[in-house]
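Report on the following structure.
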Amino acid sequence: MKLQNKKIPEAEFLKIREEVLKSWKTGLDSQLDLDNAVKYLKTVPDYKNFAIKLNQAKANGTTLVQPRAGVPELDVHIKLLNYLEECGADFLPSTVDSYTRQNRYIEAQKGLDESVQIQRALLNGFPVVNHGVTNCKKVFESINVPIEARHGTPDARLLSEIIHASGWTSNEGGGISYNIPYAKSVPLEVSIINWQYCDRLVGYYEERGIKINREPFGPLTGTLVPASISNTIMIVEALLAAEQGVKNITVGYGMGGNLIQDVAAIKALYTQTIEYLEKFNYENMEISTVFHQWMGGFPQDESEAMALIAYSSSVAALSKATKLISKSPHESIGIPTREANGLGVKASKFIVNMLKDQSMADSPELESEINQIKAEVDCLLNAILKVGNGDIAIGIVEAFKQGLIDVPFAPSNCNAGKILPARDNDGKIRILEFGNLAFNDEIKEFHRKKIEERAKSENREISFQLTVDDVYSVSEGKLIGRPKKVRV
Amino acid sequence: MKLQNKKIPEAEFLKIREEVLKSWKTGLDSQLDLDNAVKYLKTVPDYKNFAIKLNQAKANGTTLVQPRAGVPELDVHIKLLNYLEECGADFLPSTVDSYTRQNRYIEAQKGLDESVQIQRALLNGFPVVNHGVTNCKKVFESINVPIEARHGTPDARLLSEIIHASGWTSNEGGGISYNIPYAKSVPLEVSIINWQYCDRLVGYYEERGIKINREPFGPLTGTLVPASISNTIMIVEALLAAEQGVKNITVGYGMGGNLIQDVAAIKALYTQTIEYLEKFNYENMEISTVFHQWMGGFPQDESEAMALIAYSSSVAALSKATKLISKSPHESIGIPTREANGLGVKASKFIVNMLKDQSMADSPELESEINQIKAEVDCLLNAILKVGNGDIAIGIVEAFKQGLIDVPFAPSNCNAGKILPARDNDGKIRILEFGNLAFNDEIKEFHRKKIEERAKSENREISFQLTVDDVYSVSEGKLIGRPKKVRV
Amino acid sequence: MKTIVIGVIGADVHAVGNKIIEYTLNNAGYNVVNIGVLSSQEDFINAAIETNASLILVSSLYGHGEIDCRGMREKCVESGIADILLYVGGNIVVGKQDFGHVEEIFREMGFNRVFAPGTPIDNALGNIQQDLGE
Amino acid sequence: MKTIVIGVIGADVHAVGNKIIEYTLNNAGYNVVNIGVLSSQEDFINAAIETNASLILVSSLYGHGEIDCRGMREKCVESGIADILLYVGGNIVVGKQDFGHVEEIFREMGFNRVFAPGTPIDNALGNIQQDLGE
Ligand code: B12
Ligand code: B12
């Protein structure tokens, strides 16, 4: 199959589908028959439909909270979700284990079996594919809010089939955002084609009157990702999804740490996503935004972690993001207990409720940061479209190949890995080494100046050490990794 | 003695002093001899001097953290302070018990003795006067940061003598702020005269080259206090203190809950305090600000309380207040354990450190709120000066009598208690019932309009119920006490 | 219309809850006699006698409740209102203590109902109705 | 100059720490062979044999470390590098567990040093120096 940004014809989709369902035994379940699945999805009440609940939140200007959570065993997983719902989670997740993410179902099965046996989780998530539709429906039927699969799977076709047929009305991911940070050697063409399939499935349901939400994964590597780079990828994935018939999309962003830049990023993301969808004539699109609490290394101290969670929540609320993904006070240590996870949800809910009538005041600083991000995104998208001869799918693959777009710290071979980010004197994320990034000279000059200002004020050279210091800084309780003062 | 805003002549001060020292046996300690005290205070190193550390923080633009803490027994109290210092407290407090605050030393002694006996605190603070200079010096010598007495004492003359002679270089309070919220039937003249004495004592030390900080208590009743009212009282107390020779003053403000209003309040407070001190020709004044984390009813849930603590800290950091008073996750229940208190300190420190390079962006909304507060303060101060024929001390007493200035929910008989505050649609604190408050018509009209907007949007009448709902709201996780939706 | 005496005992100046309690009980149809903050046991008892009250509702927020409330029932007995209902609520002891134990201490002092920290007055309306029989 | 093989084991893609470890060990004067994320036991062992490494420094962040590391020492023995130093660190098990117990599990698997969650590589430099004897 040749990659292009073109809706997969239904017949072709159904043909590929046959192969997909054969890739693991749970794919053969008759509940995966599309007519059955459509029938089941039609019974999903509005309050358990992800897309509908998001639309309502957007209309009310509220920010809803969703944790991450997933444990291998069915019963324990259901109890975990019930508990988080009690804590106030507006949306529930099922975070999928890492073997499943790499389609290693045999290892996932081993991990699941042994976890059951020794009564201790050996997997870092809920292996949806191994559990199959019956169990996933049990999960769905045990809760009272919409549920989404959250994973990081370059080939999530079978996974997507199973979750949607089970009433899960949202799927996180995308051909770029679930490859670049989550794989080493999966070609970008392949993951994009796979995700075109996942989007086409949603389009299929959409055509039958079933609303399903899709959520590209904004934070990418979670580590000093410049807003314009993640926003660009969000817009590309939104365009790819829209082409396959997806209507309800939540574009995402992972907190950077500077209040103004974070609010600007969400605002720019929202407007530009809509702008580009309109430019390419996708109609009746429903766009919302998701803000991820700090995605880099967390502080170990639990009260500090709680403080960071609360601070992240206030930024989300002030930015008016539609959804907020919460973390827990155990973040730096390991998968949280359900109690720790619940503490994160409660703290987050408290803040978004408390701040629901407030938003970030318009200011020259905010406006100029929004404009900066927008200009950078336009620049990157122009470059992508250019190398793709107008085809965004071809363009993004080529752009990654040439390093025109580049994600810091990404493990993927498809990523050039040449740019180096660092914070400026306000803590805004800028770029100190551009590699081949498709920024114009004016933008590069702006970044250079900002980084120089900081280096000068710290009396040191511009080097990778700045980046390294900024990777550690938040977990050490600072936003900017200033050189440690040497005591005399 | 007749009240007026006039520096107490040294001879007169020393004469009153003789009486003051006789009011409880610990006053007779020879360590209270002023020459001894001056000698002792001269040994206090800079890093343990409150005023000097505040000046440094202001110069660096950082926000330093101080908890509240006090238990009856000396050893337990010292351990508590050591623990909080380990948690990162930049300044330490000794919160004084409520009997001492009312000069009921006999009851304080009973409470102290029984607490020692049953090994459980029966007093809500550290009874400084009963402990006397020797014990207070032990406290001071056991810690490595500056320490302040925090109380709520209309007549704190003996208390102030004891703490300063023990090396404690800051004293919270003031003739208004430690009467109106803290007493029922102490005449304002009396508490002001008493606090002129406390200020004169600081002036005495100041004349001998010893820097001591004074901190009027900004939050007052902690409950829906309009910023202009508390700021006015802060400025009055700063003027009263300056007249007695105080040079280093930290004016305070208790968080209201709306981000813009809170930042505006701190900014207006700082500028206007300086403005008025200059207007009355007080020279070489060192002014800093203190932001109090949410002072009203706290949520019971500890993760919610932590979230509120963290949110409060971000507001403080963005406002660039010099000091932040932290709360604990036990706030709504009772005096915190030292661990709970430490959690609050750590969370607060984390946030002020993380945000230290950021401040609130200038915006039209912020500017107009600053101007609003300033205009209201000018209006109130004009009225006070007018009824005092230019004497601020006489004026404030008279203004309270006439209700020209009025504090919501205050227990004092000197307070008219006629105004009713409530939030507007952004959560900013406004006034719905003015009583005799000395606002001009334009200002009143502004408040009326704001409250009307809210009432209209909630489809209800303007009444005390708005105020009541807003008193409860934050502890229930909302800023604005909207009417509860009746489910059908 | 039954009469309830309310106030805040001891050296306690927490006035907000007290004002809200007055408002809430008034709305609920009681005759409320509010003696305010910084009130002694005697203040409560005198007010109750003068107004022929059915219930004394003591608030203590600041932590000294245990000391301040001791002997109050005995004083009621001495003053001839032995059977008057006594409630206490607010934050009645210092710190976060096991409430079962705290309740016991105050029950032994002769309080008919003892409320956990943060119980808003609204949640006690049911008890009041029940006890005052209306 | 001693050689250290570093990488992230199993289906784990956490790349940030790995890049920082490379940078830090390089700065500390070692010859670093970085096999990156998503590496199998075999990948580590082959790299160690090829480069005559003194130490294999295994990172596992994602929680499956326990499954992924089992049998690694045995494979080293089979491959003729029985005595090579094996370190493991990161977030090596699922969740917040008692670290004493976790350390035991990995020591029994034959790891010479086992690091608690969040121990930055800088804190292990002393151990490396000591063990590699320089
Ligand atoms: C950023 C991040 C991500 C990014 C990673 C991007 C990328 N490709 O690199 C994304 C978002 C993609 C991600 C995905 C996932 N993550 Co993740 N992630 C993190 C996070 C927040 C920070 C990691 C980081 O970069 N830290 C900064 C670097 C510098 O520190 P470091 O990685 O800890 O490495 C240092 C030290 O550990 C040490 N070190 C590392 N190895 C070794 C070895 C030795 C011998 C020594 C001495 C030292 C040492 O030195 C390094 C440098 O100082 C951590 C939590 C945290 N720490 O706060 C979770 C965390 C590691 N992730 C976790 C999980 C579970 C996942 C997911 C499964 C999704 C999920 N369930 O949430 C997927 C897994 C994908 C996969 N297949 O691997 C868990 C692991 C849980 C556990 N062990 O119980 C953590 C702990 C979060 C949590 N509490 O749930 N993650
Ligand atoms: C605002 C406040 C203040 C203000 C009070 C202003 C004023 N004059 O009213 C100021 C700042 C002056 C203040 C001072 C002090 N305070 Co104060 N304060 C508070 C705070 C934050 C809110 C109280 C409030 O107004 N709540 C809102 C109202 C509506 O609720 P409420 O008071 O709880 O009342 C409701 C219910 O409790 C209930 N209720 C009350 N009484 C009764 C009785 C019955 C029978 C029933 C059924 C119900 C009931 O109904 C009310 C209405 O719904 C509380 C902590 C909290 N709750 O979050 C601490 C708190 C009460 N304060 C406390 C303390 C210790 C003090 C000080 C000693 C200073 C200090 N150490 O920090 C001084 C004491 C001064 C004195 N002599 O009394 C402690 C008490 C500790 C304890 N019991 O262990 C608390 C709990 C904070 C803490 N955790 O340390 N405080």
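Reminder, nothing fancy here: chain letters follow the sequence lines and each chain counts from 1. Since this is a predicted model, take the numbers as computed values, not measurements.
Across every non-hydrogen atom of A:Ala361 and B:Ile260, the tightest pair is CB-CD1, 3.7 Å. Residues B:Ala310 and A:Ala310 share a closest heavy-atom pair of CB-CB, 3.5 Å. Shortest non-hydrogen contact noted between B:Ala347 and A:Ser303 is CB-O, 3.7 Å. Here the shortest heavy-atom pairing between B:Gln358 and A:Gly257 reads NE2-O, 3.0 Å.
Using a 4.5 Å cut-off on side-chain heavy atoms (C-beta onward), A:Ile480 and B:Asp357 make contact. Looking at A:Asp301 and B:Phe350, their side chains never come closer than 4.5 Å, going by heavy atoms from C-beta outward.
Shown here is A:Gln465, whose CD atom has more than 12 heavy atoms of other residues, nucleotides or ligands within 6.0 Å. Residue A:Glu476 qualifies as enclosed at atom CD: its count of foreign heavy atoms under 6.0 Å is above 12. Counting non-hydrogen atoms of neighbouring residues, nucleotides and ligands closer than 6.0 angstrom, the CG atom of B:Asp362 reaches no more than 12 such neighbours.
Heavy atoms of A:Val474 lying under 4.5 Å from chain B belong to its backbone as well as its side chain. Using a 4.5 Å cut-off between heavy atoms, A:Pro329 makes no contact with chain B at all.
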Just do the side-chain contact (heavy atoms from CB on, under 4.5 Å) check on A:Lys356 and B:Lys478 with the steps written out, would you?
-> CA-CA 8 Å; A:Lys356 72 160 172 283; B:Lys478 289 150 277 170; 3.9 Å; yes
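Summarising the geometry, atom CG belonging to A:Asn258 is positioned 9.5 Å from atom CE belonging to B:Met354; distances are rounded to the nearest 0.5 Å. Interatomic distance, CD of B:Glu304 versus CG of A:Asn353, reported as 8.5 Å (0.5 Å rounding).
Ranked by heavy-atom pairs under 4.5 Å with chain B, the list A:Leu259, A:Leu318, A:Leu366, A:Ile309 is led by A:Leu259.
Judged by distance alone, with hydrogens and angles left aside, the side-chain atoms of A:Glu365 form no donor-acceptor pair with the main-chain N or O of B:Ser363 at under 3.5 Å.
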